[in-house]
Every structure is written in structure tokens, then in C-alpha cells.
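These notes are about the structure you will find just below.
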Amino acid sequence: MSSLSLPTLLPLLPSLHSSSSHSFQSHNHQNQTTISTNKWRCSATEEPHRPNQISTKKTNKKSPSTEPPKVVVDPVGFLTKHSITHKAFAQFLRERHKAMKDREDEILNRFHNLMEFASGYELMGLHRNVHHRVDYMEWAPGARYCALVGDFNGWSPTENSARDGHFGHDDYGYWFIILEDKLREGEEPDELYFQAYNCNEDYDKGDSGVTIEELFKKMNDEYWEPGEDRYIKSRYSVPAKLYEQMFGPNGPQSFDELEDLPDAETRYKAWKEKHKDDPPSNLPSTHVIDSGKEYDIYNVITGPEWREKFQAKSPPLAYWLEMRKGRKAWLKKYEPGIPHGSKYRVYFNTPGGPLERVPAWATYVLPDVDGNQSVAVHWEPSPEDAHKWKNMRPKVPKSLRIYECHIGISGTDPKISTFDEFRLKVLPHVKKAGYNVIQLIGVIEHKDYFTIGYRVTNLFAVSSRFGTPDDFKRLVDEAHGLGLLVFLDIVHSYSAADEMVGLSLFDGSNDCYFHTGKRGHHKYWGTRMYKYGDIDVLHYLYSNLKWWVEEYQIDGFQFHSLSSMMYTHNGFASFTGDLEEYCNQYVDKDALIYLAMANEMLHELHPNIITIAEDATLYPGLCEPIYEGGLGFDYYVNLSTSEMWSSLLENVPDQEWSMNKIVTTLTGNKQIADKMLTYAENHNQSISGGRSLAEILFGEIRENSPSSDEILIRGYSLHKMIKLITFTIGGKAYLNFIGNEFGHPKRVEFPMASNKFSFCLANRRWDLLMDEVHSGLFSFDKDMMMLDENEKILSRRLPNIHHVNDSNMVISYMRGPLLFIFNFHPTNTYEKYSVGTEEAGEYQIILNTDEVKYAGQGHMKNEHYLQRTVMKRVDGLQNSLEVMLPSRSAQVYKLTRIFRL
């Protein structure tokens with residue numbers, strides 16, 4: 001029976017060495033391993049993990065002077081650093097750290113290292129194999145039968161199915177299907193069963209022109225030992241020879257005819273006795289003895305000379321590569337088994353009956369084709385049509401000015417905009433506006449457009465509404481060429497509950513990717529909750545993160561709605577700030593371990609990657625190092641800022657605003673304030689049933705009552721002040737939602753049944769940039785961004801907030817050489833208002849919200865723009881300025897000259 005399976009295995013070997021980077025890593029790593037025994041161990045089946053023999057990373061030998069300092073792991077390190085004492089939470093962190101180490105060991109029982117674990121996309125799904133075929137792998141442990149159906153095979157559930165036994169289905173639930181390319185009419189099969197083709201590159205690349213006879217002679221002369229080339233003509237040579245040696249020329253043909261076989265050691269001793277008088281050249285250079293292990297481990301006893309020779313010999317990769325033919329030869333001889341653009345699904349036979357699903361690892365999906373069942377699309381463009389990267393990733397700036405976008409609503413017309421339209425029209429605007437990052441929401445495939453993209457159905461696919469995978473690559477490449485980083489809003493905290501296109505009941509079982517019962521469903525949103533403690537689910541999620549970084553050159557992620565995954569109550573509970581709430585029975589320890597390991601993996605893959613945590617509960621340690629017990633994020637989102645501004649504008653009269661509340665909310669937790677991402681408004685205010693600041697302040701009035709000048713002036717003034725203080729008082733990152741930089745007067749409303757599927761609010765009014773007021777607001781926002789570009793505001797140390805006056809409604813603070821003064825009073829203008837300064841000298845206004853070019857009133861004259869300090873103690877500082885403060889205005893002063901006493 002082994003002779004029936006072995007031919008399938010042999011052709012796989014060259015392709016693994018030639019096309020998989022992990023094969024090289026594994027080979028090189030093993031060459032570095034020191035083995036201190038004379039016995040070698042090899043296995044015919046899976047071998048239990050031996051944690052002390054294989055490292056999780058490749059190691060490079062360095063001199064002691066160049067080795068980086070060793071990191072001391074302390075699971076409660078950040079508590080100690082911040083002088084926090086809480087016995088229960090400290091114990092929880094220690095237990096979580098131990099559980100994370102156990103999880104890593106569990107992963108390493110099945111994978112060479114964590115990087116290989118996160119590279120599932122290199123094997124899963126559809127992949128072109130160099131041996132004129134396409135390989136397909138899928139994880140469906142609940143299925144009993146697996147086949148690929150599509151327009152390429154007439155949707156037949158039997159034509160392309162997984163083989164019986166371990167070559168089609170393993171013990172972990174992974175299915176393997178081979179789709180052979182079809183030999184064209186009049187063409188002869190390849191002379192060599194292991195003939196490889198370079199199918200995915202330029203037409204003749206890989207075709208050396210050397211004949212097979214010349215290459216074999218070269219291999220005989222340079223590589224093979226005498227007699228080793230006898231197996232090249234047929235893949236059956238080795239098993240046939242073994243079969244003949246064991247049973248003779250007329251041996252049994254079935255299991256029924258097979259008699260009991262002696263054990264391996266008895267057979268070996270009998271063979272050795274029979275050949276004891278043979279010359280040494282006919283005998284093997286090693287002795288193989290069955291050690292009696294259940295998992296078929298054999299001891300191979302070797303001599304030192306043979307072992308040294310074996311270790312020095314490398315696989316014949318160069319010859320295998322030279323043996324390849326080019327794409328032109330492949331297309332001449334074969335028709336692709338599944339052509340580019342083919343529609344397909346995966347077919348399962350399950351205990352509950354047959355199912356068809358969109359493959360979980362599909363990279364291009366049509367979620368709803370003319371009302372019919374969703375399908376995946378095989379995306380394998382020719383080298384001429386495939387996108388080739390032109391631009392390098394930009395250097396990560398010290399401060400992030402993020403422009404948040406949704407591709408579909410980015411155009412003016414009432415329709416879904418595309419990647420190409422965004423690339424041509426919006427990217428130049430973002431660059432002109434002074435932002436250095438674009439953050440994209442809704443890019444990953446989702447069935448229902450009105451969900452904005454948060455009910456993701458296919459994590460490895462860009463949304464086909466906006467274009468093809470190569471269209472998205474062109475967008476990212478163009479952004480990099482403009483110096484813009486590209487972030488994705490990633491949703492790993494839950495998944496769409498859709499069964500036909502998503503992962504719910506994927507293999508007919510309720511616990512494939514998700515928890516069962518109530519735990520498997522979000523309490524309020526109806527979405528499914530991942531099993532973060534399952535190795536195969538983690539394999540899927542980690543591979544997804546690495547896929548976007550490697551395939552699409554993504555520079556960072558904002559992890560959406562972490563509170564949904566970190567707690568079994570999905571974050572819908574009252575939090576008082578007591579640390580007990582972050583370590584009780586409602587906390588999902590597996591989810592926290594997933595987040596820590598995801599950050600560890602991403603930062604090891606790409607040290608400059610940026611990860612942002614969106615967590616309404618502000619879980620302790622979000623941005624602390626993993627080795628100190630944190631989760632390893634680079635930034636966290638201050639969600640309370642936008643809620644505060646909306647509440648003040650809609651519910652509190654202007655004269656009752658609390659300056660202390662504004663400052664406290666904007667500065668957040670001072671211990672980690674430098675890791676804070678702030679925004680006055682993001683897509684939540686514009687999309688999620690709310691209103692943007694501009695709509696609250698002046699949108700409806702401007703549309704309906706243009707003569708209400710007083711209300712409009714209030715709106716324009718507060719819009720600029722809110723943006724400026726939010727931008728300059730917080731951490732090193734700031735975010736703005738598309739269109740809000742020029743005061744977009746309308747909210748976003750996606751087409752749905754309630755609005756009769758109208759697109760009238762699902763767009764952006766770019767024509768308003770020609771309007772004097774909106775152009776002024778845009779000019780202010782652009783100059784605000786340039787203020788950071790020139791003065792490095794966000795990357796400086798946190799501001800010294802020295803003046804907060806609730807009665808006068810004035811806030812003032814210093815950040816580096818810049819002095820910021822805000823007068824929120826609705827009516828009072830102060831002619832000579834005293835604020836303290838850290839340095840004595842001359843201060844020049846470099847940004848003023850009240851200037852006419854910014855749609856302001858222009859109350860300040862030229863003589864107000866340059867001020868000198870006086871020796872008057874104010875706000876606890878020795879020097880002070882006496883400045884004019886028009887009502888509802890803000891000024892930024894720069895220290896241009898220092899007085900030395």
C-alpha cells in the first residue's frame with residue numbers, strides 16, 4: 001500500500017525547497033543545531049515536540065560586545081513601574097504570562113516557529129505549484145468529504161476532491177486537493193515526472209535552455225554519488241524495489257493476501273546475515289534499528305566520516321531550479337486547471353448534509369452576485385497584468401497625523417467609489433492637507449455595505465465593491481510614493497454571522513472558528529465570537545495579520561472594538577476603574593494572550609509596524625511592553641474625547657462648559673498619555689447614527705438659514721478651537737475623518753432599507769472646497785498640520801498645562817517653545833489677559849483661529865502678534881505675557897527670542 005501513496009509525496013519535495021521560504025529557514029536552522037550524540041533520529045510519522053532541541057527563532061552568532069542586552073521578563077513589571085499595588089491583578093498577570101508560554105509551546109509542537117505559524121496563507125487556499133498544478137488546502141475538522149466546485153469543472157462535487165487517507169485529510173482537519181493542469185491537444189506529457197515550470201513570472205524567466213541530458217550529466221559529475229541517479233526516470237523505482245526485496249516478484253497484491261510481517265529489527269538482522277559476505281561498497285553506510293517507539297522513531301547509527309559528509313551536503317536546489325522551464329513553455333503545453341478569474345466554492349459533506357461555502361482563505365470574493373450565492377474568485381493575473389511594487393515603505397514619523405477614510409463614500413457622486421478613484425482624487429488631497437497616514441475602514445470584504453465593513457466575512461480579501469486586489473496594491477503603492485503610511489482598521493474581535501459567505505457553521509459544526517452557545521455570539525450585535533484558545537483559529541488570525549503586511553505592504557493596524565473580545569460580556573458593563581474588573585471571571589484570558597502574541601509577532605516581522613488599540617475600557621497595560629506584562633500596543637485611542645465634545649455641543653450651554661473637564665478628558669491617563677491617539681471626531685460621529693461636529697455647529701443652519709450670522713460665526717470658531725486643542729494637548733497621534741477637515745456639513749448615511757437604499761448621503765461634498773468658508777476651515781486644518789510638521793509639536797514631551805480658569809473659560813499651556821492660549825468664553829474678549837510663561841523673551845503668533853483667511857473675524861491687529869514678557873509672577877511662573885484674547889478664539893505663540901537676565 002505504501003507504493004500507492006509514495007508517488008504523491010515525491011513530487012511535492014522539490015517545490016517545497018524551491019518555493020517556500022520556511023523550508024530554507026528550517027534547513028538553515030537545523031544546520032546550526034549542535035547534536036552531541038552518535039545516534040540520529042528520523043521519523044516516518046509525526047514526532048512529539050522536543051522543546052529544548054528547536055529554537056523559535058533563527059540565531060546569529062555575534063561577538064559578546066555586539067549582542068543586545070538581555071530583556072528581563074517580569075509579568076508584573078508595569079505595575080511596579082507605575083507603583084500600582086493590587087494582589088489579585090498581579091496574580092492574574094502572572095497566570096496570564098504562564099498561559100501565554102504554554103500557548104507558545106503548544107504552537108511549537110506543530111510548527112517550527114511563530115513566524116511559520118503566522119504564514120498559513122502560503123499553504124492555505126489556492127496556490128500555483130511549479131509542477132503544472134494548483135494546490136488547495138482548507139481547514140474543516142467537522143467535514144467528512146471535501147471538494148472544490150466552480151465554473152472550471154461545471155460545479156461538480158466529485159471531479160476535484162480530496163483523496164482518501166492522509167494525503168487528502170490529516171488528523172487536525174486540514175483538507176488537501178490537487179487541481180492538475182490540462183495537457184493541451186497534441187502535446188506530449190513531460191518526460192520527467194518532477195518537471196517544474198516557472199508559471200508566475202515573465203514568459204521565459206527560469207528557462208535556462210539547457211537540455212535534460214546535459215543537466216543530468218552535470219549532476220552526475222558534480223553532485224550525485226555513483227548509482228544515485230537510477231531513480232530519476234520513475235517515481236516508482238524506490239517503492240517497487242523495496243516491494244520486490246520484501247515479497248519477491250510475485251508478492252501479495254492486497255491486504256487480504258498479506259501475511260503477518262516480522263518486525264523491522266528481525267527483518268533487518270536477517271538481511272544483514274544474508275549479505276554478510278558482500279563487499280563494503282554494496283552495503284549501506286548506516287545501520288537502522290527499530291527502537292520500538294509507538295511513533296516510529298528509528299536510531300540510525302553512523303560513522304563520523306559519513307555523518308560529516310552528510311552534513312556538508314546541501315539539497316540540489318540549484319539543479320532543480322535550472323531544470324525549470326519558463327511560463328511560455330507552460331502555457332504552450334498546458335491549460336490551467338483553474339483559470340484566472342474562475343468562480344469557485346468549497347463543497348463539504350457533513351453529518352448534517354452537503355454544504356457549499358466560500359473558502360475561508362479566499363483572497364477575492366464576490367459576496368453577493370446578482371442576488372445569487374456568494375463565490376470566491378481565483379486571482380492569478382499574468383505577470384504583465386499583476387501589479388509590481390515601485391515605492392518603498394516611508395519612514396515612520398515620530399508623530400502620526402492620521403486621515404481616516406472609507407473608500408466607498410470618498411467620491412462626490414451618489415455611488416460606491418473605487419480604489420482607483422480614491423487613488424487619483426483623494427490621495428493628492430490628503431498629501432496636500434498635510435497628513436502623513438491614511439487609515440482605511442471597510443476595506444476587508446463584508447457582505448452588507450451598510451455595516452460600513454465591520455461585519456467582516458472574508459478576512460483575506462479586499463472588498464470587491466471597490467476593485468481588485470491589484471487595484472488596492474496600486475493604491476497602497478501610490479500612497480507610499482507620496483510619503484503616506486497606510487493603516488487598516490482590522491476586525492478580529494468578532495465576525496459576521498453569515499453562513500453562506502462568512503465563517504459561521506463553516507464546516508457544518510457550530511464550533512469550528514467560534515465558541516458554542518451564548519459565548520459564541522455577541523450579546524447585542526448578533527456577531528460571532530472567535531475561539532482565541534484554539535491553535536487552528538489562531539493560525540488563521542495571525543496569518544491574516546501577516547498577510548496584509550506581506551501581500552499589501554500595510555504599515556499598521558487599528559484593532560477595532562477590543563472590549564468585545566476581552567470580556568465575555570463584550571464590554572457592555574459598568575466600569576469604575578477598580579483593577580478587580582480587569583481580572584475577574586468575565587475577562588477572556590485567551591483573547592488577551594492573542595493580542596499580546598499578535599503584537600509580538602507583528603513587531604518581530606516588521607519592527608516599524610504600528611498597532612493601535614481601540615478599547616473603551618482602557619485595559620491596564622495596553623501600551624506597556626509584553627515583557628513587563630503589557631499587551632504591546634504602540635498607541636491607544638482616547639474614545640472619551642469625541643464623546644465629550646458631542647455632549648458639550650448638544651447638551652451644555654456654552655457659558656457652562658468646564659475647562660477642567662475638557663483638560664482632564666483630553667489629557668487622559670498621564671502615565672501613558674504619550675501613547676494616546678486623540679480625535680475630535682472620527683467615523684463614529686459621522687456614520688454610526690450620530691452627527692459630525694460641523695453638522696451640529698452649523699450644517700443645518702448653513703443649509704437652511706444662511707442669514708444666521710451669529711450662529712454661523714459661533715460654529716466656525718468652535719470648530720477650529722476644538723480641533724486645535726484636541727490636536728496639540730494630547731499624545732503623539734491625531735486622527736481626522738475624511739471631509740471633516742473642511743467642515744463637511746452632512747453626516748454619512750449608507751444605503752439601507754430605512755432610506756430606500758439612497759446614496760445621497762453616502763459621499764463627500766468636495767465641491768465645498770470652492771466655498772469661501774469651507775475653504776477657510778480647510779486652510780486652518782492644513783496650517784495646523786504644518787504646525788506639527790515644522791515645530792514637531794506631537795513628538796515633543798507632554799505639555800505643561802499651567803493655566804485653567806473656569807470662570808474666565810481660558811486654558812493655556814506650553815509645549816516646547818510654543819505657548820497655546822484658548823478663550824472659550826462665548827462673549828468676553830480680554831484686552832490684556834495675563835498668562836505665565838516658562839521663558840522670558842519675545843513671543844510671535846504663528847497661528848490664530850480668528851484670522852479672516854480661516855473664516856474668522858480678524859479682531860487682532862498687527863501690533864497684537866508680537867509680545868514681550870514682563871517680570872510678573874503668574875500661574876506659578878516668574879514671567880508672563882499680557883495678550884489680547886477675542887472671545888471664542890485661540891492663538892499659538894512661538895518663543896522667537898530669549899531674554900537673558
K447: what forms a side-chain contact (heavy atoms from CB on, under 4.5 Å) with it, not counting sequence neighbours? P367, T457, D498, V501

What orientation do F742 and H744 show, parallel under 30°, tilted 30 to 60°, or perpendicular over 60°? tilted

How would you list, by chain and number, every residue that makes a ring pair (Phe, Tyr, Trp, His ring centres under 6.0 Å) with F557, sequence neighbours excluded? none

Report the residues that fulfil side-chain hydrogen bond (donor to acceptor under 3.5 Å, both in side chains) with H492, sequence neighbours left out, ordered by chain and then residue number. N544, Y594

Name all pairs fulfilling the salt bridge (Lys or Arg N to Asp or Glu O under 4.0 Å) condition that reach into residues 406-416, sequence neighbours left out, sorted by first residue then second. K415-E421

Kindly check if the number of other-residue, nucleotide or ligand heavy atoms within 6.0 Å of NZ (K792) is above 12? yes

Within the distance-only criterion (no hydrogens, no angle test), does the side chain of D771 pair as donor or acceptor with the backbone N or O of V773 below 3.5 angstrom? yes

Enumerate the residue pairs fulfilling salt bridge (Lys or Arg N to Asp or Glu O under 4.0 Å) with a member in residues 458-467, sequence neighbours excluded, ordered by first and then second residue. E445-R465

N599 vs T611, side chain to side chain donor-acceptor pair (under 3.5 Å): CA-CA, chis, key distance, verdict: CA-CA 7 Å; N599 275 301; T611 58; 2.7 Å; yes

Ring centroid separation W548 to H606 under 6.0 Å: no

For residues 556-565, pull every pair meeting salt bridge (Lys or Arg N to Asp or Glu O under 4.0 Å), keeping only residues two or more places apart or in separate chains. none

Ignoring hydrogens and angles, tell me if any N or O in the side chain of Y449 forms a donor-acceptor pair with the backbone of I416 under 3.5 Å. no

Can you tell which of Y364, W361, Y121 makes a ring-ring contact (aromatic ring centres under 6.0 Å, His included) with F460? W361

Counting only heavy atoms not in K388, do more than 12 fall under 6.0 Å of its NZ? yes

Sequence neighbours excluded, every pair satisfying salt bridge (Lys or Arg N to Asp or Glu O under 4.0 Å) that has a member inside residues 395-405: R401-D788, R401-E789

Partner set under side-chain hydrogen bond (donor to acceptor under 3.5 Å, both in side chains) for R474, not counting sequence neighbours: D471

Listed by chain and number, what are the side-chain hydrogen bond (donor to acceptor under 3.5 Å, both in side chains) partners of S640, not counting sequence neighbours? N638

Please report the interatomic distance CG(L541) to NE2(H539), rounded to the nearest 0.5 Å. 11.0 Å

Side-chain donor-acceptor pairs under 3.5 Å in residues 778-785, sequence neighbours left out?
| residue | atom | partner | partner atom | Å |
| --- | --- | --- | --- | --- |
| S779 | OG | S775 | O | 3.0 |
| D781 | OD2 | Y435 | OH | 2.7 |
| D783 | OD2 | Y854 | OH | 2.4 |

Set of side-chain contact (heavy atoms from CB on, under 4.5 Å) partners for P428, sequence neighbours left out: none

Hey, are the side chains of V637 and L735 touching, using non-hydrogen atoms and a 4.5 Å cut-off? no

Do F472 and Y552 have their ring centres less than 6.0 Å from each other? yes

Partners passing side-chain hydrogen bond (donor to acceptor under 3.5 Å, both in side chains) against D420 (at least two apart in sequence or in another chain): R423

Of all heavy-atom pairs between S410 and W766, which one has the smallest distance, and what is that distance? O-NE1, 2.7 Å

Would you say the ring centroid of F633 lies under 6.0 angstrom from that of F559? yes

